[in-house]
> 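Take this structure, written in C-alpha cells, and hold onto it; I'll ask about it next.
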Amino acid sequence: MLRRVLRALFRPRPPPPPPRPADPRLETDPWLGGMFAMLGERYQLGPDAASGTQVLRRTGRARFNPMRVWLLPVQRLVRGEYEVRGDAGAAKSLLDQRVSGRLVALGLSATGESVEEWGGTVLTRRYEGRCETAESAAAAVRFLCEESEQLINLAAEL
C-alpha cells in the first residue's frame, strides 16, 4: 500500500507540449513576430488565403483550431467575423452591446453584415481595422479569440 502511494507521488510528469514550429512569416515580419510573441504559444498562423492569413488558437492540449480572425500583415489589418443565430434585429442589438464598442476602442469597425437563412436566421457581421503596432493588433486578436464569443445562438442566451 505504501509503495503505491509513494509511486503515485513520485510519478514522472508528462512532457510539456512541443514548442511551436518556427514560422518564417513571423521571422520576416516584425509586426507579425511581435504580435505572436505577445499572444504566446496558444496562437499560430494558419494558411494564407485571399481574405488574409487565418489565426489558429490552441483551445485544448495539442490541437490548434481555426478562428474567425484573419490578418493582412502588409496593410496591418485585422479582420474578424461574428455569427449570431436568431432574430436579425436581436442579433444586431446583441453585437452592438457586447462587441462593437470594445472593437471600436481597439481600432476595428463593422465593415459589413449579411443575413442568411439556413437552419434559421443567421447574421454574420464583419469587423476590420488597421492596427499600426503589434501591441494593438495582439489586443484585437485576443479580444476576438478569447474575450468574446464569435458564434452565438440567441436561443441559448435566454
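Reckoned from all heavy atoms, side chains included, excluding hydrogens, waters and symmetry mates. Computed from a prediction, not measured in an experiment: that's the story for all the values here.
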> Look at the side-chain heavy atoms of Ile, Leu, Val, Met, Phe, Trp and Tyr, link any pair under 4.5 Å apart, and say whether V115 and L154 land in one connected group.
yes
> Can you list every pair that meets ring-ring contact (aromatic ring centres under 6.0 Å, His included) and has a residue in residues 88-124, with sequence neighbours left out?
none
> Show your working on side chain to side chain contact (heavy atoms under 4.5 Å, CB included) between Q150 and E81 and close with a plain yes or no.
CA-CA 7 Å; Q150 292 183 298; E81 283 186 350; 5.6 Å; no
> According to a 4.5 Å side-chain heavy-atom criterion applied to Ile, Leu, Val, Met, Phe, Trp and Tyr, with indirect links allowed, do M38 and L108 form part of one hydrophobic cluster?
no
> If you compare all heavy atoms of T53 against all heavy atoms of G46, which two are closest, and at what distance to 0.1 Å?
CG2-O, 3.5 Å
> Side-chain heavy atoms nearer than 4.5 Å, only ILVMFWY residues, links allowed to pass through others: does that put L39 and W70 together?
no
> Under the side chain to side chain contact (heavy atoms under 4.5 Å, CB included) criterion, do Q54 and V69 qualify, and how do the steps go?
CA-CA 6 Å; Q54 192 165 23; V69 178; over 6 Å; no
> Distance check, rounded to the nearest 0.5 Å: T124 atom OG1 versus R126 atom CZ?
6.5 Å
> Taking atom OG of S148 and atom CZ of R142, what is their separation to the nearest 0.5 Å?
12.5 Å
> Work out which heavy atom in P30 is nearest to a heavy atom in T28; give both atom names and the distance.
CD-O, 3.7 Å
> Pairing donors with acceptors under 3.5 angstrom, does anything connect the side chains of E132 and S136?
no
> Is there a path of hydrophobic side-chain contacts, each under 4.5 Å between heavy atoms, that joins L77 and L32?
no
> How would you list, by chain and number, every residue that makes a side-chain hydrogen bond (donor to acceptor under 3.5 Å, both in side chains) with R25, sequence neighbours excluded?
D23, D48
> I'd like to know whether L45 forms a side chain to side chain contact (heavy atoms under 4.5 Å, CB included) with L26, so could you lay out the CA-CA distance, the side-chain angles of the two residues, the decisive distance to 0.1 Å, and finally the verdict.
CA-CA 9 Å; L45 286 174; L26 298 177; 3.7 Å; yes
> Check this for me: does any side-chain nitrogen of one of E113 and K92 sit under 4.0 Å from a carboxylate oxygen of the other?
yes
> To the nearest 0.5 angstrom, please state how far the CG atom of L123 sits from the CD1 atom of I152.
10.0 Å
> Assess whether salt bridge (charged side-chain N to carboxylate O under 4.0 Å, His left out) is satisfied between E146 and R42, documenting all intermediate values.
CA-CA 11 Å; E146 292 180 44; R42 293 183 88 66; over 6 Å; no
> Would you mind telling me which of V78, N65, L144, L71 makes a side-chain contact (heavy atoms from CB on, under 4.5 Å) with V55?
L71
> Heavy atoms only: give me the nearest G119-R85 pair and the separation to one decimal.
O-NH1, 3.0 Å
> Locate the shortest heavy-atom distance separating E41 from F64; write the atom from each residue and the value.
O-CZ, 3.6 Å
> Could you go through D96 and R125, starting from their C-alpha distance and side-chain angles, then the distance that decides it, and tell me whether this counts as salt bridge (charged side-chain N to carboxylate O under 4.0 Å, His left out)?
CA-CA 11 Å; D96 289 341; R125 185 180 287 176; 2.8 Å; yes
> Could you measure the distance from the OH atom of Y127 to the CZ atom of R79? Nearest 0.5 Å is fine.
15.5 Å
> With rounding to the nearest 0.5 Å, note down the distance linking CZ in R130 to CG in L72.
11.0 Å
> Would you give the length of the straight line joining atom CH2 of W31 to atom SG of C131, rounded to the nearest 0.5 angstrom?
6.5 Å
> Test side chain to side chain contact (heavy atoms under 4.5 Å, CB included) on R58 and Q44; report intermediate values, then the result.
CA-CA 8 Å; R58 187 173 59 225; Q44 73 181 30; over 6 Å; no
> Quick check: do L151 and R68 have side-chain heavy atoms less than 4.5 Å from each other?
yes
